[in-house]
Each structure stands twice: as C-alpha cells, then as structure tokens.
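All remarks here apply to the structure that follows.
Throughout, a chain's letter reflects where its sequence line sits, starting with A, and its residues are numbered from 1. Note that these values count all heavy atoms, side chains included, but never hydrogens, waters or copies made by symmetry.
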Amino acid sequence: MIDIQLLRNDTDAVAKRLAARGFRLDVAGFSALEDARRRIQVATEALQSERNAKSKQIGQAKAAKDQKRVDEIMAEVAGYGDRLKQMEAENDAVQAKLHALVSVIPNLLHQSVPAGTSAEQNAELRRWGEPRRFDFKPRDHVDLGALLGGLDFDTGAKLAGARFVVMRGQLARLHRALAQFMLDVHTTEHGYTEVYTPYMVSGACADGVSSLAKFSGDLFKIQDRDLYLIPTAEYPVTNFVRDEIVPLEALPLKYVCHSPCFRSEAGAAGKDTRGMIRNHQFDKVELVQIVHPSRSYELHEELTAHAEAILKKLALPYRTMLLCAGDTGFSSAKTYDLEVWLPGQDAYREISSCSNFEGFQARRMQARFRNEKARPDTLHTLNGSGLAVGRTLIAVLENYQRADGSVSVPEPLRSYMGGAGKITPA
RNA sequence: GGAAGGGUGGCAGAGCGGUCGAAUGCACCGGUCUUGAAAACCGGAAGCCAGCCAGUGGCUCGUGGGUUCGAAUCCCACCCCUUCCGCCA
C-alpha cells in the first residue's frame, strides 16, 4: 500500500508519479471520497465521545446512589444508540470504499527507474560472461532432455496437463543438486538463514505482498478454503514479520527458502509453450531481506549481487537489466532482472528478479520495527530469486552441451552429483 | 474425527457489567545512590486511526456480530492454540 498520508497531502504529485508507470489515479474521485471520509469519521467519533462521557456520568451517579441523576442522564442518551449505529455503518462503508481504492494502487517508482511501457525499454546495466561459440548447432533443452531421457513432458501432461514436467534420473538429480548448491552458497557465503515454510498461505498473507483483489487470478486457490498455493516463497517468508514490531538490532533479517512455486499463468496462453521455461510448477531458491529503510537500496544491490554470484559460479553468461516503469511489478519500487544466456533460444531469458518494495508490502502487512527513537516505524522489504531452479537447469543443459548430446556438469555441482563430470544419453 | 481447556500489553499473569487501556511480577528506558557496576529507591513506557494539532478525540483485551446508557467482563457464530483419545505420512 502506498503511504496514505502522502496520498492525502500531495494527491497531485502522487498521481503524477503513478502516471509514470501507466496507472491513472482518479484524483477527483479520491478527493471526494476522502472528504466524505473525513466528515463522517469526525462526526461519528464526536458522537461516540459524547456517548462515552454520559455513560461515565451514569456510572458515577450510580456509585453516588443518586438515582434521580441516573434517570436524567439515561433520558438524555435515549436516542444515541440508533443514531450511532447508523453513523458507524456509514463510516465503515466509506472506510471500506477508500481502502478498496487505495489497496489497488501500485507502488511509487524509485527515481532511478527509466521511463518506458514495455520490456523493450528496460535498461541493460551490465553483461557478464561470453556466450559460448558452438562448432555444432546447439540443441535446446527439450531436445537435450529427450536425448538424455530425463525430461518427460508427455508424462507431465498425462498427470496434470500442459505446463508440467516429470524429471528422471540424472536430470532429476541435477535439479536437486542445483537447489542444494544455491542454498549452501547463500547460507555459508552470503549470511542467509535457511527456512522451510508452508506452500500455501492465507488470503491475508497473499494480500500483504501483492493485491489479492487485483492478482488472485494468477494464483491457484484451494477449493472452499482461504488458502492459496504460493507463487513464490516470497509469500510465506515476507509474511514472517506481518503484524510484528521487529527490534532494531535484529535488522536486517535475511532468509533463503527453497520451495516449489505454483502459477496459473492465466495471461500467458500460447507463450513459452515449448519446454519448461514457463510451467505451472517450478522450484525456486528465494532470497528475502527485511531491512531498515535507510539501507534498503544498498542491500538491494547486495542481494542482486548474491543472485549474480550463483550465475558466476556456474559460469553462465548473463546480463543485468533495470526494469523500466511499465515493466516493474505492482508492489515494487525498483527491480533488477537477471537474464541468462540460452543457446537453444539464442537469447537472454529471465532467471531472477530482484526487487525493492520499500515500505509498500510492510504497510500492507503492518510489518514494523522499533526505530532509533523507540517508535514503531515501517520496514522495507526486498526479495530476489537466487535462482529459479528449473530455468537454471535449462541454462546448464544448453550451455554445457556437447555435440553428442551429453552435458558436462559444472565444476561446483559435481560434489552434489556423486562426482559425475557429465551426463550422457540413457 | 471425538473430548476437555484456553486465547488479555515484550513475556508471565490478575480482572468476569461502570473513573479498566487494564493490577502485579519479570524484562525495558531515564534518574537518585556508587570510583564503576549490582542491589535498593523514584519515575517513564502498549498499538492503530483521526484531527479545527490541544497535556484532543475515537478504536483495540483472538475475529465478527448481539444485549446494554455503558462490555476485557454477559449471549451467539467463527478462527486459532494446548492436552487427551482415535487415525495416519
């Protein structure tokens, strides 16, 4: 949620900043609603105050055994109940309307975010690694998977439909090795605490990190229950601090979580249908940081570097993109995407997304810390993939393939693979 | 699934219709004392919202409703936790 005070005090400026990301704020509508809210809330609270004062007097009169005085005041308060009930209902209604309006407003963008409406306008900040030159025509992961006998999309489809995969043998093991490797690096080298969480969260948690009203269609919901399959471990992990006041000295909190992710891909029909680039279920190792507002941008850079470190250790060429205004997600103030080189697609493809949400999620979640003046204050939240395991598997297969269809195992993964140096066709 | 008990401030734990947003203890912060610390003593301190910013008002004792002039206290529903039994990875 954006800062409601800021929205009230400087509505036009906020509207202008929102326009930068293509969101049109109905300024007149908001102002009218806000005026009504102020009027009704003030009036309601004034009447409540009066009621409370008189009730207190009744109590005092009763204590003084002054029955005459009690009857007098009771007569005065006679009509209050109904009037109050009506005003409170009116107040609730306008508050709900206002909340509904404000909760679907996206975050304000950081000033470093470039203008733009689509991914084409994202800014490439840096490249690392040289895409390998093949002396044969490189296969994509689907062909490699078929050759190696470890990626089975037919059985995935038989079990659950399109956008599901079954992995077998050495490829299943490589997939596991990647997740283990990432967890080990982040815990031992980058200072994260490993966590294991539920793979379903309540609607309140979902609404804490994003807008459930706006994006519930992207999630798989459990029938007849207020539970959603998580689309990323960001959902459970960030909510660790919901409704909490974190002590200052505990910051920053740094968590790493390996989990499956479930996405309906509702708006992606026909996109990336080949292979396992875009599945309904995939594994991801997620980095989450809960930080002091004064350090969020510094730590955002650090977190991004932590994700990049995995790509470097695996010697996978990648580039770092700064998303433009139109491509930055609802809750984010600033997002870096890491794109890995995929020879099979002859393109860089997203493998990690690292965002600074500033206080946007924290305000939705009521996640606070006790600041230097011992007052509750809004936290900042960060997260990033470190990395998407399925896509990393694709990247390893495609970048490490040999002419005969076998695949070398990157050095850092060999100890996780029982020392195997390569994977060969079955 | 069955039975019982319980959800109150950072924690523990009173209160069970009326100056209760809440006793008390621990922890915490400030002060006195001390060479310093501890102990002792004195004092302070919940969160959210609104505001014509005042030592102002409202809301909050799991959540939502109800009764009442007045609810942490009474009634209803729901959620969650604990223990026991059953079942089970």
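Separation of the C1' atoms belonging to rU35(B) and rG21(B) is 44 Å when rounded to the nearest angstrom. rC76(B) and rG57(B) have their C1' atoms separated by 32 Å, with the value rounded to a whole Å. Across rA72(B) and rG58(B), the matching P atoms stand 14 Å from one another, rounded to whole Å. Annotation: rG86(B) and rG1(B) have their C1' atoms spaced 8 Å apart (nearest Å). Comparing rU63(B) with rU8(B), their C1' atoms are spaced 15 Å from each other, to the whole Å. Nucleotides rU82(B) and rA77(B), compared at atom C1', are 22 Å apart to the nearest Å. On the P atoms, rC75(B) is 11 Å away from rG17(B), given to the nearest whole Å. Nucleotides rG10(B) and rA45(B) are separated by 15 Å at their P atoms, to the nearest Å.
Checked by atom type and distance alone, the side chain of His141(A) never pairs as donor or acceptor with a backbone atom of Gly275(A) at under 3.5 Å.
Look at rG1(B): its Watson-Crick or wobble partner, with both distances under 3.5 angstrom, is rC85(B). Pairing for rA50(B) is with rU56(B), a Watson-Crick or G-U wobble pair whose two hydrogen-bonding atom distances lie under 3.5 Å. Base pairing of rA72(B): no nucleotide in any strand meets the Watson-Crick or G-U wobble criterion (both distances under 3.5 Å). Figure legend. rU24(B) is base-paired to rA12(B); pairs are counted as Watson-Crick or G-U wobble with both atom distances under 3.5 Å. Here rA39(B) sits opposite no nucleotide as a Watson-Crick or G-U wobble pair (both hydrogen-bonding atom distances under 3.5 Å).
If you check distances only, the side chain of Lys56(A) never reaches the base of rG18(B) with a donor-acceptor pair under 3.5 Å.
For the pair Arg83(A) and Tyr80(A), the distance from NZ or CZ to the six-membered ring centre is under 6.0 Å and the angle to the ring normal is within 45 degrees.
A parallel orientation is assigned to the rings of His190(A) and His306(A), their planes being inclined by less than 30° (bins at 30° and 60°).
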